[in-house]
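Here the structure is laid out as structure tokens; the discussion comes afterwards.
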Amino acid sequence: MAAPTVGLLYDERMCAHATPDGEPHPEKPERLRSIWRKLQLEGITDRCVVMEAKEAEDKYIAYVHSQSHIKLIKTISSKELDSRRHRVARKFNSIYFNKGSSESAYLAAGSAIKVTEKVAKGELSSAIALVRPPGHHAEHNQPMGFCLFNNVAVAANYLLNERPELGIGKILIVDWDVHHGNGTQKTFYDDSRVLFFSVHRFDSGSFYPSGGDGAYCMIGEGPGQGYNINVPWEHGRCGDADYLAVWDHVLLPVAESYNPDIILVSAGFDAAAGDPLGGCSITPHGYALLLEKLKRFAQGKIVLLLEGGYNLNSIANSVLACARALLGDECSSGKLDTKPFESTWRVIQLVRNELKNYWPVFSGKIPEEDMKKPRSISNLKLHWSSDSESDSEEATGACGETLSGADDASRRLSEINIADVTSTSVTSSHETSKASVPWRSVLSKIDVWYASYGSNMWLPRFLCYVSGGKIEGMNNQCCGSLDTSAPKVINWRTVPHRLFFGGTSSRSWGKGGVAFLHPEKNEEERAHVCIYKITLEQFNDILFQENTTMDVSALGKIRSPLIDLPVVDLLLKNKSLIVELPKSSWYSNVVCLGMEDGIPILTFTCKMSDIDSYKSGERVLAPPAKQYASTLIKGLVEGKQLTEDEAMDYINAASCRKL
Ligand code: Q9C
Ligand code: ZN
């Protein structure tokens with residue numbers, strides 16, 4: 001077979017878009033230059049058809065963007081706007097403008113059109129367009145996330161609307177940038193002529209661009225239903241094995257059925273190892289494999305359009321590997337040294353299940369063999385680079401900071417803004433607040449066992465934390481969970497941990513000690529626990545209520561859960577985790593007591609350092625007040641664990657002994 005003709009578009013004019021006063025920013029002109037230099041050095045530029053950029057015409061951009069948006073980008077670099085430019089940029093999310101922005105934006109969109117048309121025509125077998133500013137976050141009426149015009153969406157619309165004679169009726173867009181391609185998704189949400197596929201970090205909706213748009217349940221609407229596919233990672237650190245698993249079990253089967261006429265790749269390289277924003281770890285070899293696997297569709301008509309990617313070395317090496325793959329260079333198919341994460345299989349199954357009515361290939365089961373021995377997130381060092389609202393863009397070291405798994409989790413937990421949680425101002429109804437915190441819809445689908453060894457052993461008391469209310473012996477009203485459904489199963493068991501009572505008084509029970517479970521296992525001890533099968537969303541709501549007084553409107557505003565899936569993974573490994581809660585809280589340590597039916601049993605108790613202060617006498621052990629003790633006893637008796645006499649003995653014995 002003849003060597004493929006690969007187009008390569010590079011134009012120094014797209015380096016003109018830069019921060020106005022040379023402030024550091026990850027989306028910088030050097031990105032293009034470092035890729036270009038690498039391709040020259042490796043002889044790639046000589047083997048490709050090198051092309052120059054061309055400005056897009058307004059009428060093509062108008063398929064995607066509003067007239068006012070086009071006008072804004074057209075005029076933003078004009079002299080008259082010199083003094084106002086900065087103020088305008090600030091109105092948008094993660095956007096800067098300078099005197100080169102307008103031209104760069106038009107060139108980026110025009111270049112996307114130019115290379116795409118040549119590939120569609122067959123003048124080129126495939127192509128890479130090194131464009132900036134990037135495009136996939138830009139929406140109909142606003143620039144965002146470093147993106148001014150949505151280059152890939154403009155190019156796809158151009159083929160569909162302006163070049164019908166080329167016979168391109170079905171376009172597959174593969175967005176492997178680490179961020180969700182919100183702008184592209186919205187452009188084609190109700191359009192079946194474009195299948196939009198995006199794999200991105202989601203982190204329960206906290207990763208940029210935060211919100212629920214990147215969730216797996218966003219499948220398109222109207223005639224576009226089933227033609228929007230999101231694969232949302234639960235956490236960072238995903239790499240070659242995770243992406244390849246998604247290719248094998250989601251993207252490739254769909255591509256096979258859809259049979260696209262051309263593939264446009266929103267090719268960000270910020271999921272590359274070493275990227276300062278992404279926190280993932282695709283290698284250049286990994287990118288080559290991902291691309292290689294797409295070559296069997298659309299007669300190899302593939303166009304790569306650069307999106308993000310902020311480590312200059314990583315992006316240069318990744319684009320180099322992609323160029324070689326398109327040129328047909330053999331890419332060694334050595335075995336990968338890692339397995340996909342457990343969470344990767346979970347996400348893949350969620351996506352397949354969600355879409356099985358649209359894509360019958362998803363109805364089959366994934367062979368058990370493939371999913372054997374997944375990687376657990378807690379086995380590894382976590383890469384701390386969240387790029388969620390609080391991070392700053394100057395964090396551009398070559399590599400993110402690396403922390404041990406446990407540190408990482410406690411750090412992320414300590415970043416949760418408790419002021420938010422306890423705020424009582426009501427600005428919106430529950431429903432709207434619930435919609436704006438996507439973690440709830442994710443965690444509502446995951447079950448855990450919540451183990452109570454204290455007053456929650458008494459079912460009516462526990463139900464207050466789920467459905468709200470107040471029953472005998474309680475000083476405060478509970479607000480309940482936002483999911484008021486009853487526990488799915490209730491069981492009892494004994495666990496090898498010491499039960500004790502400490503402290504002099506509590507908010508809920510007044511004077512007297514409160515029940516704690518020694519966080520460490522001790523085979524000489526037995527404590528009764530009642531385990532409730534509830535959702536991880538409910539578990540978080542109970543943890544909040546146990547530790548602070550709050551109302552239900554405050555619950556709906558909690559922006560991130562204290563315990564989410566990655567944290568549960570950590571708990572399974574480390575058994576105990578310090579959850580930073582307000583000073584007044586009792587239970588700031590979440591402990592995993594074991595598993596039941598493949599589901600972790602979680603409880604909360606005091607910190608290990610509290611045990612030391614009980615031992616030293618700094619804190620005092622004290623028996624429970626009468627009312628509190630009788631609630632515990634009622635729980636054990638009604639739960640048919642002990643007779644009343646036995647229950648009293650059990651509580652008494654736990655009250656008096658030294659630790
Ligand atoms: N402080 C692309 O990769 N991060 N865009 C904002 C808020 C924005 C990434 C963090 C990341 C945008 C094309
Ligand atoms: Zn990105």
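Numbers here simply count residues along the sequence, with the first being 1.
- In this structure, Phe462 has its ring center closer than 6.0 angstrom to the ring center of Tyr532.
- Less than 6.0 angstrom separates the ring centroid of Phe516 from the ring centroid of Tyr587.
- Between the side chains of Asp203 and His235, no donor-acceptor pair is found at a separation under 3.5 Å.
- In summary, the aromatic rings of Trp176 and His200 are positioned with their centroids too far apart to meet the 6.0 Å limit.
- The heavy-atom pair separating Gly454 from Ser452 by the smallest distance is N-OG, 3.3 Å.
- With contacts defined as side-chain heavy-atom distances shorter than 4.5 Å, the pair Leu463/Pro487 qualifies.
- Contact detail for Pro209 and Asn182: the closest heavy-atom pair is CG-OD1, 3.5 Å.
- By the 4.0 Å N-to-carboxylate-O rule, Asp370 lies too far from Lys365 to be salt-bridged with it.
- When all heavy atoms are compared, the tightest approach of Asn540 to Leu443 is ND2-CD1, 3.7 Å.
- Of the N and O atoms on the side chains of Ser485 and Asp483, at least one donor lies less than 3.5 Å from an acceptor on the other residue.
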Subject >> From CA spacing to verdict: ring-ring contact (aromatic ring centres under 6.0 Å, His included), Phe202, Trp439 >> reply: CA-CA 10 Å; Phe202 188 61; Trp439 66 266; over 10 Å; no
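- Pro519 and Val591 get closest at one heavy-atom pair: O-CG1, 4.2 Å.
- Side-chain contact between Lys634 and Glu472 is present, with heavy atoms from C-beta onward closer than 4.5 Å.
- Proximity of Val529 to Met457: side-chain heavy atoms (C-beta onward) are nowhere separated by under 4.5 Å.
- Between Tyr614 and Phe500, a ring centre-to-centre spacing shorter than 6.0 Å is recorded.
- Checked by atom type and distance alone, the side chain of Ser481 never pairs as donor or acceptor with a backbone atom of Val466 at under 3.5 Å.
- Aromatic ring centroids of Tyr453 and His497 lie 6.0 Å or more apart.
- A side chain to side chain donor-acceptor pair (under 3.5 Å) check over residues 649-659, counting only residues at least two apart or in different chains, returns the pairs Glu525-Arg657.
- Scanning both residues, Lys511 and Ala625, for their nearest heavy atoms gives O-CB, 3.0 Å.
- For the pair Asp541 (side chain) and Leu482 (backbone), a donor-acceptor distance under 3.5 Å is present.
- With hydrogens and angles disregarded, no donor-acceptor distance shorter than 3.5 Å links the side chain of Asp447 to the backbone of Lys533.
- A donor and an acceptor atom, one from each side chain of Asp177 and His179, are located under 3.5 Å apart.
- Looking at Asp240 and Thr283, their side chains do bring a donor and an acceptor atom within 3.5 Å of each other.
- Put simply, the side chain of Arg493 never gets that close to the backbone of Ile531: no donor and acceptor are under 3.5 Å apart.
- Under the 4.5 Å side-chain criterion, counting only non-hydrogen atoms from C-beta, Val351 is not in contact with Asn230.
- Of all heavy-atom pairs between Ile219 and Glu354, the closest is CG2-CG, 3.8 Å.
- Residues Phe539 and Phe604 bring their aromatic ring centres within 6.0 Å.
- Looking at Val448 and Thr535, their side chains never come closer than 4.5 Å, going by heavy atoms from C-beta outward.
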